[in-house]
Amino acid sequence: FPNWYSPETGIYSSKHSSIPLPTDPFLDVVSFLFTHQHDGVTALIDPSSGFSLPYSKLLPLVQSMASGLRHLGVSQGDVVLLLLPNSVHFPIIFLSVLYLGAVVSTMNPLSSMFEIKKQISHCGVRFAFTSLDKSEQLQNLGVHAIGVPENIDLGSENIGFSPFHKLIRGRFSEAPRPVIRQQDTAAIMYSSGTTGASKGVVLTHGNLIAMVELFVKFDASQYKYPSSKNVYLAVVPMFHIYGLSLFVVGLLSLGTTIVIMRRFDAGEAEKLIDNYGVTHFPVVPPMLATLIMRAKGACGNSFKSLKQISCGAAPVSRKVIDDFLQVLPHVDFIQGYGMTETTAVGTRGYNTQEFHKYSSIGLLAPNMQAKVVDWNSGSSLPPGYCGELWLRGPAIMQRYLNNVEATKMTIDKDGWLRTGDIVCFDKDGYLYLSERLKEIIKYNGYQIAPADLEAILISHPEILDAAVTAESDEAFGEIPVAFVVRRHGSRLTEEAVKDFVAKQVAPYKKIRKVVFTSSIPKSAAGKILRRELRKLLNCRL
Ligand code: ATP
Ligand code: MG
């Protein structure tokens with residue numbers, strides 16, 4: 001066995017050397033972030049207004065904002081909701097709340113009032129940053145919507161920072177900061193709700209510090225180019241742990257420039273990449289497919305500055321990867337894996353002379369340990385075998401908020417987090433994710449991974465997108481049903497789709513039913529919403 005796997009304990013350690021984490025118990029993530037000066041470097045750019053913020057102004061702005069918030073009554077332990085799209089303000093607001101020892105909870109600004117109400121009462125929100133049109137409703141729920149008297153619409157585009165100054169001008173005061181410990185709660189982030197109701201994940205300052213060290217800083221240290229010359233395009237949502245870990249926290253410790261985009265559009269992304277010399281672009285799978293189409297039609301000078309595209313949050317098919325490598329051969333492609341519960345830390349791809357395993361989710365992050373557990377027998381499995389991934393390490397959440405039962409089922413007494421994802425390590429320590437445990441279709445006692453069938457469907461030239469889900473069946477328990485988006489003008493039939501898959505899989509894996517649809521429902525983080533598909537199925541019956 002390799003030295004990173006112990007057959008006695010069944011524990012995998014990271015292949016990377018471990019990284020010393022700050023041991024001072026009285027350390028907050030804001031102080032931790034701003035230990036380095038990055039003079040003369042631009043931190044955040046809002047291309048729609050042309051507004052940009054240099055690193056030298058970042059901490060003073062966070063401090064002014066914090067003192068403004070203190071005057072409004074925000075104090076240690078208060079929960080502040082950020083119901084905002086990506087903007088230059090987002091990181092400033094987030095960090096100023098944490099600076100006061102208060103707690104941030106984030107949420108998709110497109111959420112319904114029903115969802116907003118639920119989260120507000122679940123985590124006890126007292127203050128909120130949101131657009132003016134939502135402010136009144138929030139006030140009616142007893143939440144103090146910030147910026148209302150000043151008429152600041154944080155939901156609108158192009159607002160720059162001048163109206164924002166109304167909030168903080170003249171209010172700066174050097175009041176002593178509260179004592180903040182690494183173990184104090186910094187954020188309550190909600191998981192995506194892909195497998196059921198989304199859960200409130202309690203993350204501490206220590207979790208965020210570990211994330212910066214083990215994910216963002218470590219990743220940057222792997223490459224020869226200096227991170228203060230990197231320019232990131234930030235379109236992955238900041239309200240989700242993926243965007244938050246990079247654009248709101250981690251990259252600010254490196255002196256990286258962040259170009260902010262509110263919603264994804266491949267043409268707009270191309271323009272921004274070229275105008276700002278973007279070097280790094282983190283994406284989710286649905287963005288990758290449209291970006292490839294765009295790059296196919298682009299002139300020779302586009303996408304020149306790009307060095308790396310990293311993809312995460314959901315599986316990406318081999319076909320899409322191959323297309324990508326063909327269309328943008330000069331760009332490094334890697335996948336990364338993480339969860340809200342692991343503060344986005346998990347695994348990350350790293351291409352070397354020896355290895356470029358594009359389909360892999362990469363190597364285990366430093367300081368993290370893993371087990372691969374057979375979900376039937378509970379035994380730990382060696383490299384080459386698939387089982388549920390368990391993770392342990394300093395980036396793992398404390399608990400689910402107000403949910404002792406779910407916490408107990410997810411983290412065991414030794415600190416192992418059950419990820420619910422089925423993975424296997426190869427002989428070189430690279431991980432492959434095959435499916436979520438909960439998505440496995442049980443057909444007549446056999447197990448089918450929807451992702452395998454989806455990859456085959458997408459490889460059909462007339463299929464633009466596809467998703468597979470289970471439908472209950474009296475005779476077989478569950479049967480796999482395919483939802484298929486046909487290319488414009490295609491006359492592909494149900495039988496043709498079934499035959500195409502049947503030729504490539506074992507008989508029990510055949511698609512039993514096909515539903516043609518105009519699009520596959522996906523979350524803001526690019527995940528297929530299979531429960532929406534199941535709803536669609538029920539409607540049709
Ligand atoms: P919920 O837990 O509320 O049902 P969720 O698991 O989708 O929703 P997140 O924390 O946003 O909520 O996402 C983590 C999950 O995303 C992982 O458990 C994994 O299933 C999936 N994931 C993350 N990265 C990748 C990746 N690179 N490839 C495939 N799946 C990924
Ligand atoms: Mg999950």
Side-chain angles (χ1 to χ4, degrees), residues 106-108 115 118-119 122 187-203 207 211 215 219 236-246 282-288 309-318 320-321 333-350 357-365 370 386 388-391 395-397 400-401 403 406-407 409-411 417-424 430-440 449-452 454-455 467 521-532:
T106 63
M107 195 171 192
N108 187 337
E115 294 164 319
K118 206 166 124 197
Q119 186 164 325
H122 186 249
I188 299 163
M189 301 290 293
Y190 283 76
S191 63
S192 295
T194 312
T195 58
S198 95
K199 289 148 291 199
V201 173
V202 177
L203 301 177
N207 287 146
M211 176 278 292
F215 166 27
D219 188 48
V236 170
M238 293 177 176
F239 58 76
H240 183 259
I241 196 71
Y242 183 9
L244 186 109
S245 58
L246 288 165
V283 299
V284 295
M287 292 178 194
L288 204 55
I309 286 204
S310 45
C311 185
V316 52
S317 73
R318 184 70 225 190
V320 171
I321 298 172
F333 175 84
I334 59 162
Q335 292 194 60
Y337 161 90
M339 305 169 73
T340 314
E341 290 88 337
T342 65
T343 330
V345 179
T347 68
R348 195 143 169 98
Y350 180 52
K357 306 196 185 207
Y358 300 114
S359 298
S360 157
I361 52 169
L363 297 168
L364 193 60
C386 280
E388 186 188 7
L389 175 67
W390 290 19
L391 287 172
I396 304 287
M397 67 163 179
Y400 289 122
L401 186 73
N403 201 337
T407 307
M409 284 179 23
T410 309
I411 305 182
L417 174 96
R418 295 168 194 214
T419 66
D421 293 308
I422 303 171
V423 303
C424 90
Y430 282 75
L431 280 105
Y432 293 81
L433 196 156
S434 60
E435 194 52 75
R436 286 170 188 257
L437 205 46
K438 282 196 180 158
E439 307 290 3
I440 290 283
D452 291 349
E454 283 157 8
K522 287 184 188 152
S523 75
K527 296 163 196 281
I528 296 178
L529 295 172
R530 286 196 175 75
R531 63 197 149 82
E532 299 291 321

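All ligand and atom numbering here is 1-based and tracks the order in the structure. Sequence positions, counted from 1, serve as the residue numbers for this chain.
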Donor-acceptor pair, [X] side chain versus [Y] backbone, under 3.5 Å?
| X | Y | result |
| --- | --- | --- |
| Glu341 | Arg418 | no |
| Thr340 | Ile241 | no |
| Ser360 | Leu431 | yes |
| Thr410 | Leu417 | no |
| Tyr242 | Val283 | yes |
| Gln335 | Gly349 | no |

message = If we only consider heavy atoms of Gly338, is any one of them less than 4.0 Å away from an atom in ligand 1?
response = yes
query = His240: heavy atom below 4.0 Å from ligand 1, yes or no?
reply = yes
Give me the nearest non-hydrogen protein atom to [atom] as residue plus atom name, then the distance to 0.1 Å.
| atom | value |
| --- | --- |
| atom 25 (C) of ligand 1 | Ala313 N, 3.5 Å |
| atom 16 (O) of ligand 1 | Lys527 NZ, 2.8 Å |
| atom 10 (O) of ligand 1 | Thr340 OG1, 2.6 Å |
| atom 20 (O) of ligand 1 | Asp421 OD1, 2.6 Å |
| atom 6 (O) of ligand 1 | Arg436 NH1, 3.1 Å |
| atom 12 (O) of ligand 1 | Ser192 N, 3.1 Å |
| atom 7 (O) of ligand 1 | Thr194 OG1, 2.4 Å |
| atom 27 (N) of ligand 1 | Gly336 O, 2.7 Å |

ask   = Would the number of heavy atoms belonging to other residues, nucleotides or ligands and lying under 6.0 Å from NZ of Lys522 be above 12?
value = yes
Closest to atom 29 (C) of ligand 1 among Gly362, Gly193, Pro315, Ser310 (heavy-atom distance) =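 The residue whose heavy atom sits nearest atom 29 (C) of ligand 1 is Pro315.
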Taking only heavy atoms of [X], which atoms of ligand 1 are found under 4.0 Å from at least one of them?
| X | answer |
| --- | --- |
| Ile361 | 27 (N) |
| Leu433 | 29 (C), 30 (N) |
| Lys199 | 2 (O) |

query = Checking side-chain contact (heavy atoms from CB on, under 4.5 Å) for the pair Ile321/Ser359: CA distance, chi angles, key distance, verdict?
reply = CA-CA 8 Å; Ile321 298 172; Ser359 298; 4.2 Å; yes
request  = Output the distance between atom CG (Leu203) and atom CE (Met189), rounded to the nearest 0.5 Å.
outcome  = 7.0 Å
task = Report yes if the side chains of Ile334 and Arg348 come closer than 4.5 Å at any heavy-atom pair, otherwise no.
result = yes
request  = Between Ala314 and ligand 1, find which residue part has any heavy-atom pair under 4.0 Å and reply side chain, backbone, both or neither.
outcome  = backbone
ask   = Are the charged groups of Glu454 and Arg530 less than 4.0 angstrom apart, N to O?
value =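 Answer for the salt bridge query: yes.
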message = Looking only at distances, can you tell me whether any N or O atom of Cys311, backbone or side chain, sits closer than 3.5 Å to an N or O atom of ligand 1?
response = no
task = Before signing off on this row, confirm whether Met339 and ligand 1 have an N or O atom pair separated by under 3.5 Å.
result =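 Such a contact does not occur with ligand 1.
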